[in-house]
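Encoded as structure tokens, the structure appears first; notes follow it.
Computed from heavy atoms alone, side chains included, the values below leave out hydrogens, waters and symmetry copies.
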Amino acid sequence: MAPTTASSSAGSQVERIVIENVAIATVDAQDTEYASGHIVVAGNRIESIGAGSAPAGLDNVVRRIDGTGHLATPGLVNTHHHFYQWITRGLATDHNLFNWLVALYPTWARIDEQMTYAAAQGSLAMMARGGVTTAMDHHYVFPQGSGDISGSIIRAASEMGVRFTLARGSMDRSEKDGGLPPDFAVETLEGALAATEETVKKHHDASFDAMTQVAVAPCSPFSVSTELLKQGAELARRLGVRLHTHGSETVEEEKFCHELFGMGPTDYFESTGWLGEDVWMAHSVHMNDSDIAAFARTRTGVAHCPSSNARLAAGIARVPDMLAAGVPVGLGVDGTASNESGELHTELRNALLINRLGAHREAALNARQALRLGTFGGAQVLGRAREIGSLEAGKLADLVLWKMDTLAHASISDPVIALVFGAAAPVTLSLVGGRPVVENSRLLHVDEDAIARSTRDEAQRLARIAAQA
């Protein structure tokens, strides 16, 4: 295939990075790959990509990279996470979802801005080191007097240098209303909607190269009222932003919905305005044929979280059936209290392996489908497929160079199979909008050791506060 190019709006004065001699998996619509090719980054965009050497005579080349022994892919896109859980890892390790939530909500309800900032740093650092260039956080715990939690999370992402979507969550159904969170851990309906609207207006950037976007994200059917779901959907569409929540995660949730609402989760979501191409759901494990057809018909997206689903014994999501039906599917880490590694690149492998335990067995997913889930699929789910998720001229220069010539991978001839089936590959370079964020597996803009210390200290402080309560 001939190289593709895009003209740079900045003209010849734009600074360029040239990567050559690199294997490339573009994850474009044709799954174009190059055994040895080039990528030219001009400013924050991909200017040229193709086989062989870069075009001659390029101006203002500030860096040339020999990609020998490397695979270039789009940056990984995380579609579901709870950053604050970084400081409650390793707890309730033998619980199903509902019991796990009951065990941890009393602790989570005592977080504050300082704790959340440290936890966001830890979550973001672990993902970025492993090739994530676009992260998201579904944060829904806002204790009274806890400070500017949303602002602290956005600040951590900005300092890390990654692209970011904050799903501003909320809960208004507590124990007294038949929900799971303790009474002191929820907001009022009016308070949640007002705070969500304020967050969108203050932080959401709708531009092509936006670094920060905001979604409206009531937590789940068992922690929010029907009215919060309905009004949340109306708010999101009035403001022109996306919608996110948990759905169909466990058999207990399905039973809860039937008992409380007289219908299953998917029908309940549709009745509240929560199916559509501007919506994505976390988990979607327990989906029947009718549910999958409804998601496909409405283009509702799914954040597939294989490790968390296994950790909480939720089940195996029907990802092959969703993909066959045309449902947009991306990958999610989920909160690190249910996926202690906190890494998305390991989810490529886990998604493939766990889905092969399901009905489709060895035909469930292959390596390239898994890579697509973690890149373009995630971009689709976040509503950013025009800008990111594949390596194409004109798209934002969010890309990763994986080192594939070490002991862990060198004897595997196909680099995409090596990346997905093999051990977690080191990241030699990660670019977000053309700006280096990781080099040689080290973060460039933050101090990893300082983050490790602060997350440990804040985890201990939270544990002390929770014990005293």
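- The only option from Ile149, Val214, Val216 that meets the side-chain contact (heavy atoms from CB on, under 4.5 Å) definition with Thr199 turns out to be Val214.
- The residues Asp112 and Arg461 are annotated as salt-bridged, a charged nitrogen and a carboxylate oxygen being separated by less than 4.0 angstrom.
- Arg435 CZ to Thr133 OG1: the interatomic distance, rounded to the nearest 0.5 Å, is 13.5 Å.
- Thr226 and Phe261 get closest at one heavy-atom pair: OG1-CE2, 3.8 Å.
- Contact annotation: the side chain of Asp137 approaches that of His139 to within less than 4.5 Å [non-hydrogen atoms, C-beta and beyond].
- Within the 4.5 Å cutoff, no side-chain heavy atoms of Val381 are placed close to those of Met136.
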message: side-chain hydrogen bond (donor to acceptor under 3.5 Å, both in side chains), that's the test. Do His360 and Asp321 meet it? Break it down for me.
response: CA-CA 9 Å; His360 295 273; Asp321 295 328; 2.7 Å; yes

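- Without hydrogens or angle criteria, Glu113 side chain to Gly147 main chain gives no donor-acceptor distance under 3.5 Å.
- Remark: aromatic rings of His95 and Phe98 are distant, center separation not under 6.0 Å.
- One finds no salt bridge joining Glu270 and Lys230 here, because no Lys/Arg side-chain nitrogen approaches an Asp/Glu carboxylate oxygen to under 4.0 Å.
- In this structure, Thr336 OG1 and Arg311 CZ are separated by 10.0 Å, a value rounded to the nearest 0.5 Å.
- For the residue pair Pro74 and Ser390, the shortest heavy atom distance occurs at CG-CA, 3.6 Å.
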query: Going through the checks in order, is the side-chain hydrogen bond (donor to acceptor under 3.5 Å, both in side chains) test met by Glu227 and Ser225?
result: CA-CA 5 Å; Glu227 199 57 34; Ser225 66; over 6 Å; no

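- Electrostatic pairing of Arg129 and Glu343 does not count as a salt bridge here, judged by no charged N lying under 4.0 Å from a carboxylate O.
- Residues Ser150 and Asp148 bring no donor and acceptor atom of their side chains to less than 3.5 Å of each other.
- Checked against a 6.0 Å centroid threshold, the rings of His246 and His82 count as neighbours.
- For the pair Val446/Ile451, a side-chain contact is recorded, criterion being any heavy-atom separation below 4.5 Å from C-beta on.
- Put simply, OG on Ser307 and CG on Leu344 are 9.5 Å apart, with the number rounded to the nearest 0.5 Å.
- One finds no salt bridge joining Glu198 and Lys201 here, because no Lys/Arg side-chain nitrogen approaches an Asp/Glu carboxylate oxygen to under 4.0 Å.
- Salt-bridge annotation for Lys395 and Glu387: absent, with no side-chain N of the basic residue lying under 4.0 Å from a carboxylate O of the acidic one.
- Closest heavy-atom contact between Ala125 and Met160: N-CE, 3.7 Å.
- Open room surrounds CD on Glu277; 12 or fewer heavy atoms of other groups in view lie less than 6.0 Å from it.
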query: His80 and His283: ring pair (Phe, Tyr, Trp, His ring centres under 6.0 Å), yes or no, with the steps?
result: CA-CA 9 Å; His80 186 65; His283 302 293; 5.4 Å; yes

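- Applying the ring-ring contact (aromatic ring centres under 6.0 Å, His included) definition to pairs two or more places apart or across chains, those involving residues 153-197 are Phe83-Phe164.
- By the 30° and 60° cut-offs, the orientation of the rings of His138 relative to His244 is perpendicular.
- Note that Arg89 lies in the cation-pi zone of Trp86, set by a 6.0 Å cut-off to the ring centre and a 45° limit from the axis.
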task: Report the C-alpha separation of Thr73 and Trp402 in whole Å, then their side-chain angles, then the decisive distance to 0.1 Å, and conclude whether the side-chain hydrogen bond (donor to acceptor under 3.5 Å, both in side chains) test is met.
output: CA-CA 8 Å; Thr73 73; Trp402 308 91; 2.9 Å; yes

task: Kindly indicate, with the supporting measurements, whether the criterion side-chain hydrogen bond (donor to acceptor under 3.5 Å, both in side chains) is fulfilled by His286 and Asp291.
output: CA-CA 9 Å; His286 296 278; Asp291 297 330; over 6 Å; no

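- Using a 4.0 Å cut-off between charged nitrogen and carboxylate oxygen, Asp205 and Arg163 do not count as a salt-bridge pair.
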